Amino acid sequence: MIKDKVVIITGASSGIGEATAKLLASKGAKVVLGARRTDKLKRIADEIVKGGGQAVYQELDVTRQAENDAIVELAKDTYGRVDVIFLNAGLMPNSPLSALKTDDWHQMVDVNVKGVLNGVAAVLPTFTAQKSGHVITTSSVAGLKAYPNGAVYGGTKWFVRDFMEVLRMESAMEGTNIRTATIYPAAINTELLDTISDKGTAESMQGIYAKYGISPDRIADVVALAIDAPEDTTINEFTVGPANQPW
């Protein structure tokens with residue numbers, strides 16, 4: 001059941017994170033929102049509360065372990081527990097490797113990889129102690145298949161796939177009952193394209209998204225499905241895209 005579950009969402013200020021927060025809150029979840037843009041978080045939380053839901057928020061830079069720890073403490077202090085963490089923050093400044101946009105490479109590793117590591121490190125002691133919990137991550141179809149101009153982005157998303165599979169296996173071995181779910185979105189109409197600084201790559205991606213992009217609400221539906229599954233069940237991987245996608 002989703003009702004009354006305490007759900008932390010990173011990257012919650014727009015796109016998939018915002019859509020998921022609003023959907024889960026409408027189903028009775030208590031959502032804890034984190035992102036760097038607190039003005040947008042405040043607007044989302046206010047909308048949820050005005051609609052009869054429960055939401056709190058806090059500024060969160062997922063690359064900083066202390067801030068990940070703090071949002072877990074916010075959830076526990078406010079609602080008494082944590083049931084789910086949705087590690088959704090991510091960047092996609094794709095470019096050809098020959099462009100040598102090394103700052104973009106390192107930023108993707110910091111957010112897409114270290115952000116997941118930091119989030120899990122923050123919540124794992126709580127989930128282990130209570131012998132329950134659910135870790136959900138946003139990977140990408142680029143974590144399943146290689147694409148030109150997406151070597152580093154894809155690499156970060158391949159990492160998420162492997163990391164989450166090992167987390168699932170180790171939880172089963174250790175008897176901690178931690179559930180996992182990894183989502184592999186295709187073209188989702190969010191602000192992700194805005195992070196692409198390479199002109200040629202941006203134009204190419206915009207064409208793909210214009211033709212095949214779908215609403216972030218569809219990903220929110222999948223997150224809700226994963227959380228709503230029976231407690232003794234792990235629905236581990238979801239690939240989500242338009243019915244006519246070519247990849």
Side-chain angles (χ1 to χ4, degrees), residues 8-12 15-17 20 34-36 60-65 67-69 71-72 84-97 99-124 127-128 133-174 176 178-188 190 192-193 195-196 198 201 205 219 222-223 226 234-241 247:
I8 297 171
I9 302 173
T10 73
I16 292 170
T20 301
R36 290 176 296 177
L60 172 64
D61 180 345
V62 297
T63 69
R64 299 179 181 274
Q65 184 65 61
E67 295 189 17
N68 288 269
D69 296 340
I71 202 166
V72 171
V84 183
I85 189 165
F86 178 29
L87 301 171
N88 170 67
L91 298 173
M92 191 183 69
N94 285 352
S95 63
L97 291 171
L100 290 176
K101 290 183 174 288
T102 55
D103 287 345
D104 288 350
W105 300 355
H106 291 292
Q107 189 178 29
M108 279 187 278
V109 170
D110 286 344
V111 174
N112 300 357
V113 173
K114 294 180 182 178
V116 170
L117 293 177
N118 291 340
V120 170
V123 82
L124 197 57
F127 283 177
T128 300
H134 201 168
V135 180
I136 303 175
T137 54
T138 303
S139 180
S140 168
V141 291
L144 300 170
K145 179 181 178 181
Y147 294 93
N149 301 330
V152 180
Y153 176 73
T156 67
K157 295 305 185 177
W158 278 84
F159 166 83
V160 170
R161 181 187 191 193
D162 180 80
F163 179 83
M164 290 292 287
E165 178 63 3
V166 173
L167 177 62
R168 181 194 65 79
M169 295 167 70
E170 290 185 357
S171 171
M173 293 168 63
E174 296 169 2
T176 53
I178 298 170
R179 299 196 293 163
T180 65
T182 306
I183 303 171
Y184 300 90
I188 311 299
T190 69
L192 206 59
L193 291 184
T195 66
I196 301 176
D198 183 76
T201 302
M205 295 292 289
I219 306 300
V222 172
V223 176
T234 287
I235 305 177
N236 198 44
E237 295 188 329
F238 303 85
T239 303
V240 186
W247 47 83

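All values below come from the heavy atoms of this structure, side chains included, with hydrogens, waters and symmetry mates left out. Small disclaimer: the values here were computed from a predicted structure and weren't measured. If you read the sequence from its start, that first residue is 1, and numbering goes on from there.
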Nearest 0.5 Å please: distance from the [atom1] atom of [X] over to the [atom2] atom of [Y].
{"X": "Thr180", "Y": "Ile136", "atom1": "OG1", "atom2": "CD1", "value": "9.5 Å"}
{"X": "Ile71", "Y": "Leu60", "atom1": "CD1", "atom2": "CG", "value": "5.0 Å"}
{"X": "Ile85", "Y": "Asn68", "atom1": "CD1", "atom2": "CG", "value": "7.0 Å"}
{"X": "Thr63", "Y": "Asn112", "atom1": "OG1", "atom2": "CG", "value": "11.5 Å"}

Non-neighbouring partners of [X] that pass side chain to side chain contact (heavy atoms under 4.5 Å, CB included), sequence neighbours left out:
{"X": "Leu117", "result": "Val113, Phe159, Phe163"}
{"X": "Val152", "result": "Leu97, Trp105, Met108"}
{"X": "Thr176", "result": "Thr128, Ser171, Glu174, Ile178"}
{"X": "Arg36", "result": "Asp61"}

Can you list the residues that meet the side chain to side chain donor-acceptor pair (under 3.5 Å) rule with [X], with sequence neighbours excluded?
{"X": "Asn149", "value": "none"}
{"X": "Ser140", "value": "none"}
{"X": "Asp162", "value": "none"}
{"X": "Gln107", "value": "none"}

Do you know which two heavy atoms are closest between [X] and [Y], and how far apart they sit?
{"X": "Ala122", "Y": "Val72", "value": "CB-CG2, 3.8 Å"}
{"X": "Phe86", "Y": "Thr20", "value": "CE2-OG1, 3.7 Å"}
{"X": "Ala12", "Y": "Ala35", "value": "N-CB, 3.9 Å"}
{"X": "Arg161", "Y": "Tyr184", "value": "CG-OH, 2.9 Å"}

Task: Ser139 side-chain N/O to Lys157 backbone N/O, donor-acceptor pair under 3.5 Å - done: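 Pair found, side chain donor or acceptor close to backbone of Lys157.
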Open item on the list: Check whether Thr156 reaches the backbone of Tyr153 with its side chain - one donor and one acceptor, N or O, closer than 3.5 Å.
Closed with: yes
Task: Non-hydrogen side-chain atoms of Val120 and Thr137 separated by less than 4.5 Å - done: no
Task: Listed once per pair and sorted, the salt bridge (Lys or Arg N to Asp or Glu O under 4.0 Å) pairs that draw on residues 108-122, sequence neighbours left out - done: Asp110-Lys114
Check residues 87-95 and write down every donor-acceptor pair under 3.5 Å in which the side-chain atom is one partner and the other belongs to a residue at least two apart or another chain.
from  : atom 1 : to     : atom 2 : distance (Å)
Asn88 : OD1    : Thr138 : OG1    : 2.9
Asn88 : ND2    : Thr10  : O      : 3.4
Asn88 : ND2    : Gly11  : O      : 3.1

